[in-house]
Amino acid sequence: MSDIDLLFAAARRVHERAYAPYSRYGVGVAIRDDAGQLHVGVNVENAAYPIGTCAEAGAIAAMIASGGRWIAEMCVVGDGELLVTPCGGCRQRIREFASPSTLIHCASLSGVQRSFTLEELLPYSFGPNHLVELK
Ligand code: THU
């Protein structure tokens, strides 16, 4: 299996564990960090709707908690016919730990539909480098 196939398989598998009783829109994410380790996450909704969390946020938290620091590549699997892409907030979350050329593979349950660089999803982004310049 190629790296992308493995990443998709991990995201597809964890998608089964999404907790999305309100939207019924499950999302699974797999990240491969720069050390080659995989980290996964799902969306976790809540009866108090605004505090639900996205799958990308879960996968990033898992990466950081296990010592990973940099996203090499990631795959997002979502339900439905329309192409799932990370929400605006998650694009910024990814931005913290990825480079402009990092690939984000967007997939349906049947496979990767389209891949984007982070730069394509979040052009002219604000990031840690802006704050470093102030020091
Ligand atoms: N969702 C994600 O987990 N990631 C995205 O990038 C898009 C949206 C979740 C949030 C919510 O639980 C459900 O999908 C519907 O918005």
Side-chain angles (χ1 to χ4, degrees):
M1 258 208 258
S2 75
D3 279 0
I4 296 179
D5 290 339
L6 283 171
L7 209 54
F8 169 71
R12 174 73 182 76
R13 200 177 319 118
V14 78
H15 169 276
E16 304 291 327
R17 300 198 181 129
Y19 179 74
Y22 307 109
S23 72
R24 300 264 164 216
Y25 191 86
V27 183
V29 167
I31 290 172
R32 185 168 52 79
D33 70 22
D34 62 348
Q37 296 301 304
L38 292 192
H39 310 279
V40 295
V42 293
N43 53 332
V44 182
E45 297 184 347
N46 194 283
Y49 292 177
I51 68 163
T53 51
C54 285
E56 292 87 337
I60 289 169
M63 177 184 81
I64 296 302
S66 64
R69 281 293 182 273
W70 199 250
I71 300 169
E73 202 172 5
M74 68 191 283
C75 181
V76 182
V77 174
D79 284 325
E81 296 291 305
L82 288 179
L83 183 70
V84 63
T85 59
C87 77
C90 285
R91 294 177 194 204
Q92 186 67 38
R93 288 190 179 94
I94 296 164
R95 165 69 177 85
E96 188 74 13
F97 306 107
S99 58
S101 62
T102 296
L103 284 176
I104 298 157
H105 307 289
C106 299
S108 68
L109 297 183
S110 51
V112 172
Q113 306 297 315
R114 196 166 159 182
S115 301
F116 300 91
T117 63
L118 175 60
E119 176 73 19
E120 287 178 291
L121 295 181
L122 194 68
Y124 304 103
S125 66
F126 183 85
N129 47 319
H130 287 85
L131 303 180
V132 168
E133 281 168 19
L134 297 178
K135 285 184 188 155

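Just so you know, these numbers come straight off a predicted model, no measurement behind them.
Heavy atoms only, all atoms of each residue included: Leu121 and Ile104 are closest at CD1-CD1, 3.7 Å. Across all their heavy atoms, Cys75 and Ala107 have their closest contact at SG-CB, 4.1 Å. Here the closest heavy-atom approach between residue Ala20 and residue Tyr25 is recorded as CB-O, 3.6 Å. When all heavy atoms of Ile64 and Phe97 are compared, the pair lying nearest together is CD1-CE2, 3.7 Å. Counting all heavy atoms, side chain and backbone alike, Arg91 lies closest to Pro86 at NE-O, 2.7 Å. Scanning all heavy atoms of the two residues, the minimum distance from Ser125 to Arg95 falls at OG-NE, 2.6 Å.
Under the 3.5 Å distance criterion, the side-chain polar atoms of Glu120 are matched with a main-chain donor or acceptor of Thr117. A donor-acceptor pair under 3.5 Å is formed between the side chain of Asp33 and the backbone N or O of Gly36. Of the possible polar contacts, none joining the Asn43 side chain to the Ala18 backbone as a donor-acceptor pair under 3.5 Å is found. In this structure a side-chain-to-backbone donor-acceptor pair under 3.5 Å is present from Arg12 to Leu109. His15 places a side-chain N or O within 3.5 Å of a backbone atom of Gly26 that can act as its donor or acceptor partner. A donor-acceptor pair under 3.5 Å is formed between the side chain of Ser66 and the backbone N or O of Ala62.
For the atom pair Phe8 CZ and Ser110 OG, the distance stands at 6.5 Å (nearest 0.5 Å). Taking OG from Ser99 and CG from Asp34, the interatomic distance works out to 10.0 Å, rounded to the nearest 0.5 Å. Separating the CD atom in Glu56 from the CZ atom in Arg93 is a distance of 8.5 Å, to the nearest 0.5 Å. A distance of 8.0 Å separates OG in Ser115 from CD in Glu73, rounded to the nearest 0.5 Å. Atom CG of Asp5 is separated from atom NE2 of His105 by 10.0 Å, given to the nearest 0.5 angstrom.
Residues passing the side chain to side chain donor-acceptor pair (under 3.5 Å) test with Gln37: none are found, sequence neighbours excluded. The side chain to side chain donor-acceptor pair (under 3.5 Å) search around Glu81 returns none, not counting sequence neighbours.
Put simply, Ile31 and Val76 are part of the same group of oily side chains (I, L, V, M, F, W, Y) that touch within less than 4.5 Å, one to the next. Cluster membership check: Tyr49 shares its hydrophobic cluster with Val44, using side-chain heavy-atom separations under 4.5 Å among Ile, Leu, Val, Met, Phe, Trp and Tyr. Val14 and Val84 are not part of a single hydrophobic cluster, where members link through side-chain heavy atoms under 4.5 Å apart. Under the 4.5 Å side-chain heavy-atom criterion for ILVMFWY residues, a single connected hydrophobic cluster contains both Val77 and Val112.
For the pair Cys87/Cys54, a side-chain contact is recorded, criterion being any heavy-atom separation below 4.5 Å from C-beta on. When side chains are defined from C-beta on, Ile94 counts as touching Ile60, because their heavy atoms get closer than 4.5 Å. Side-chain atoms of Leu122 and Phe116, non-hydrogen and from C-beta on, never get closer than 4.5 Å to each other. Put simply, the side chain of Cys106 reaches to within 4.5 Å of the side chain of Leu83, judged on heavy atoms. Looking at Leu7 and Leu38, their side chains come closer than 4.5 Å, going by heavy atoms from C-beta outward. For the pair Val42 and Val29, the minimum side-chain heavy-atom distance is 4.5 Å or more. Contact check for Met63 versus Ile71: side-chain heavy atoms found under the 4.5 Å cut-off.
Using bins of under 30°, 30° to 60° and over 60° for the plane-to-plane angle, the ring pair Tyr22/Tyr19 lands in the perpendicular bin.
A side-chain N or O of Ser23 and one of Glu45 form a donor-acceptor pair less than 3.5 Å apart.
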